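A short write-up of the structure that comes next.
It should be emphasised that the depicted structure is a prediction, and the values quoted were computed from it without experimental measurement. When reading the values below, keep in mind they use all heavy atoms of this one structure, side chains included, and skip hydrogens, waters and symmetry mates.
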Amino acid sequence: MTTELLFRDDAYLKSATARVVAVDERGIELDRTIFYPQGGGQMGDTGVLTRANGERVVIADTRKGDAPDSVLHVPAPGMPRLEPGDALMLDIDWSRRYALMRLHTALHVMSCVVVAPVTGGNISPDKGRLDFDIDMSRLDAATIERETNALIARGVATETVWITDAELDARPELVKTMSVQPPRGAGRVRLLGIPGIDLQPCGGTHVRNIGEIGGIRVLKIRSEGRRNRRVEIALAKMGSE
């Protein structure tokens, strides 16, 4: 079955209600969720599911299920077993999620400073990285940091843009990632737009305005094989909304 993905329309939802529809050894499926499942390099959400009687089930990870838009909430070891039909209150670890949102959006901005094919990426709550197919001599930490922060300082609002599969096929320059292609087959593809700065396919969670990122620090730049040059960043200042 599919899950109503509440985070897709509002990444700032911290709580919501839902019902259990299925439970197996892999995780818990709900009719709707605010928990983002691991994907696109972004780690899955953590948090708590609470029954009406106050019983809590800690969620240690969130993964994609087998069907499109199905989500598996993975409980921590030793948690009570939920049953189909259970009514729940959902609460994500908001400070963790917001850090992921800020870093994910920061990587979009940085990809406009380092103009090269992206060969990989990862976002965790404390740091993010992109791998580029580029000569090492073209990467300078101080320049990347300065130019990325200059774009962030513009305080541009982000926007969600939907285009058809055919429109994306006609504009291959929108796809910066070499290793992961946007999902096709549903008829339309979700893009993150930063007007005047960036537009690319992405199904992750992002901040409403790039000014919320607050700035980044380049932690390191290193070679990861013949074609990969890894740029690792952290937020200049942590914090939650």
Next item on the list: Any chance you could lay out the side-chain hydrogen bond (donor to acceptor under 3.5 Å, both in side chains) test for Thr205 and Gln42, step after step, and finish with the verdict?
Entry: CA-CA 9 Å; Thr205 59; Gln42 181 174 324; 2.9 Å; yes
Notebook entry, point to check: Does the pair Asp133 and Arg226 meet the rule for a salt bridge (charged side-chain N to carboxylate O under 4.0 Å, His left out), with working shown?
Noted result: CA-CA 9 Å; Asp133 183 2; Arg226 185 172 63 86; over 6 Å; no
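Contact check on Asp86 versus Arg51 returns a salt bridge, with a Lys/Arg side-chain nitrogen under 4.0 Å from an Asp/Glu carboxylate oxygen. Between Glu232 and Arg129, no side-chain nitrogen of the basic residue sits less than 4.0 Å from a carboxylate oxygen of the acidic one, so the salt-bridge criterion is not met. Look at Lys14 and Asp93 and you find no salt bridge, because none of the NZ, NE, NH1 or NH2 atoms lies under 4.0 Å from a carboxylate O. Under a 4.0 Å N-O distance rule, the pair Arg222/Glu224 qualifies as a salt bridge. Using a 4.0 Å cut-off between charged nitrogen and carboxylate oxygen, Asp131 and Arg227 do not count as a salt-bridge pair.
Considering every non-hydrogen atom in both Ser124 and Leu100, the closest pair reads C-CD2, 3.4 Å. When all heavy atoms of Ala99 and Leu235 are compared, the closest pair comes out as O-CD1, 4.2 Å. In plain terms, the two heavy atoms of Arg96 and Asp45 that are nearest each other are NH1-CA, 3.6 Å. Looking at every heavy atom in both residues, Ala11 comes nearest to Arg97 through O-NH1, 2.7 Å. When all heavy atoms of Ala106 and Ile216 are compared, the pair lying nearest together is CB-CG2, 3.7 Å. Taking every heavy atom of both residues into account, Leu199 and Gly193 meet most closely at CD1-CA, 3.8 Å.
In terms of hydrophobic clustering, with Ile, Leu, Val, Met, Phe, Trp and Tyr side chains grouped at heavy-atom distances under 4.5 Å, Met89 and Met79 are assigned to different clusters. Taking hydrophobic clusters as Ile, Leu, Val, Met, Phe, Trp and Tyr residues chained together by side-chain heavy-atom distances below 4.5 Å, Leu72 does not share a cluster with Val48.
At least one side-chain heavy atom of Val57 sits less than 4.5 Å from a side-chain heavy atom of Pro80. Within the 4.5 Å cutoff, the side chain of Leu88 has no heavy atoms near those of the Thr17 side chain. The closest side-chain heavy-atom distance from His108 to His206 is below 4.5 Å.
Screening residues 150-159 for side chain to side chain donor-acceptor pair (under 3.5 Å), with sequence neighbours left out, gives no hits. Sorted by first and then second residue, the ring pair (Phe, Tyr, Trp, His ring centres under 6.0 Å) pairs with a member in residues 131-160 form an empty list; sequence neighbours excluded.
At least one donor-acceptor pair under 3.5 Å links the side chain of Asp24 to the backbone N or O of Gly27. A donor-acceptor pair is defined here as one N or O able to donate and one able to accept, closer than 3.5 Å; such a pair exists between the side chain of Asn209 and the backbone of Gly155. Judged by distance alone, the side chain of Arg229 and the main-chain N or O of Gly225 form a donor-acceptor pair under 3.5 Å.
In this view, Asp9 satisfies the side-chain hydrogen bond (donor to acceptor under 3.5 Å, both in side chains) rule with no residue, not counting sequence neighbours. Every residue two or more places apart in sequence or in another chain that forms a side chain to side chain contact (heavy atoms under 4.5 Å, CB included) with Ser111 is listed here: Leu130, Lys176, Asp198, Gln200. Take Ala87 and apply the side chain to side chain contact (heavy atoms under 4.5 Å, CB included) test, not counting sequence neighbours, and it matches Arg19.
Separation of atoms CD1 (Ile123) and NE2 (His104) is listed at 4.0 Å; rounding is to 0.5 Å. In this structure, OG in Ser70 is found 5.5 Å from CD in Glu29, a value given to the nearest 0.5 Å. Separation of atoms CG (Asp61) and CE (Met43) is listed at 7.0 Å; rounding is to 0.5 Å. The distance from atom CD1 of Ile92 to atom OG1 of Thr46, rounded to the nearest 0.5 Å, is 8.5 Å. To the nearest 0.5 Å, atoms SG (Cys112) and CG (Leu107) are separated by 11.0 Å. Here CD of Glu212 is found 8.0 Å from OG1 of Thr105. Values are rounded to the nearest 0.5 Å.
The aromatic rings of Tyr12 and Trp94 are tilted relative to each other, their planes meeting at an angle between 30° and 60°.
Applying the 4.5 Å side-chain rule to ILVMFWY residues, one finds Leu5, Phe7, Tyr36 in the same cluster as Val71.
A side-chain N or O of Ser15 and one of Asp91 form a donor-acceptor pair less than 3.5 Å apart.
The side-chain hydrogen bond (donor to acceptor under 3.5 Å, both in side chains) test with His73 is passed by exactly one of Thr62, Thr33, Thr3: Thr33.
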